[in-house]
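Report on the following structure.
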Amino acid sequence: MSNSKLVNIAVLGSGKGSNFLSIAKAVSMGELPARICVVVSDNPEALIIKKANELGIPTAVLPCGKYKTWLEPWIEEELVRILKEYHTELVVLAGFMRVLKETFLNAFEGRTVNIHPSLLPAFKGKEAWKAALEACVAETGCTIHWVSKEVDGGKIIAQSRVPILPGDTPESLHARIQQAEHELYPKVLKDLCLDWIKKYAK
Ligand code: GAR
């Protein structure tokens, strides 16, 4: 990578962290002009935290709060504080299972991307691969989009299509979608980071 500027990206996840690993691999191979400045989870048991610790990347765990699907404003304030402490420039949601609301969006809207396991706008919400299988569609996929106040409804950046095959189970289909995610996310982040550097790096 010829440009010496690296974009500080924070990765947020709640689960096993396979997308995080695909991004960390691209960073370590020099394929992505970025530095993962912090990994944040809402789940202290999440494998993503264990994997980040093993790679020597700083981690933070948010208080779980009263609600399962979103964070109270004081927890979003804490999240924003952590992201600023690590000089975050781009926030990358990789299996972060809480809806982000106003307190967070006021600070990071326009600088936050998400990956969703369907061809949005089809199958918004949780376990989108199951919904696609149950709907008997011929194909599904994954979508990378900007995060906005409409859940899974922000502007689409890129999509990758995945066939649904005879005999697919929710697990086999999700595994095939995840392969596509692991290819697409690092490529899209590379383009976003290069754009960022062009616009903002001195
Ligand atoms: C990914 O398949 C991602 O698309 C999905 O969670 C999984 C996380 O896997 N995200 C959503 O469903 C968000 N609505 P990972 O922890 O192995 O990266």
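No experiment lies behind these values; they were computed from the predicted model shown. Both counts, for ligands and for their atoms, begin at 1 and track the order of listing. Residue numbers run from 1 in the order of the sequence given.
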In a check of side-chain hydrogen bond (donor to acceptor under 3.5 Å, both in side chains) between W74 and each of E78, E72, E77, which one passes?
E72
Below 4.0 angstrom from a heavy atom of H174, which ligand 1 atoms are there? Numbered from 1 as shown, please.
2 (O)
Atom 12 (O) of ligand 1: which protein heavy atom is closest, and how many Å away?
P117 CD, 3.4 Å
For a quick test of reading the model, state the closest non-hydrogen atom pair linking I48 to V11 and the distance between them.
CD1-CG1, 4.2 Å
Heavy-atom proximity to atom 10 (N) of ligand 1, picking from I48, I115, V11, I23, points to I115
Return the closest protein heavy atom for atom 3 (C) of ligand 1 as residue, atom name and distance.
E181 OE2, 3.5 Å
So which protein heavy atom does atom 7 (C) of ligand 1 come closest to, and at what separation?
Q178 NE2, 3.8 Å
Protein heavy-atom partner closest to atom 17 (O) of ligand 1 - residue, atom, separation in Å:
S18 OG, 2.5 Å
Please confirm whether N19 comes within less than 3.5 Å of ligand 1 when only nitrogen or oxygen atoms on both sides are compared.
yes
Taking all heavy atoms of V137 and all of A132, pick out the closest pair and write down the distance.
CG2-O, 3.4 Å
Rounded distance [0.5 Å steps], CG in L21 versus NE2 in H182
8.0 Å
Distance under 4.0 Å to a non-hydrogen atom of G95: what atoms of ligand 1 satisfy this?
6 (O), 8 (C), 10 (N)
For S14 and N43, test the side chains for any donor-to-acceptor distance below 3.5 angstrom and give the result as yes or no.
no
Heavy-atom pair with the smallest gap, counting every atom of L100 and L105
O-CD1, 3.8 Å
Should M97 and L71 be regarded as members of a common hydrophobic cluster, given that ILVMFWY residues are connected when their side-chain heavy atoms come within less than 4.5 Å of each other, either directly or indirectly?
no
Nearest protein heavy atom to atom 14 (N) of ligand 1, by residue and atom, and its distance?
H116 ND1, 3.4 Å
Does G17 have a heavy atom less than 4.0 Å from any atom of ligand 1?
yes
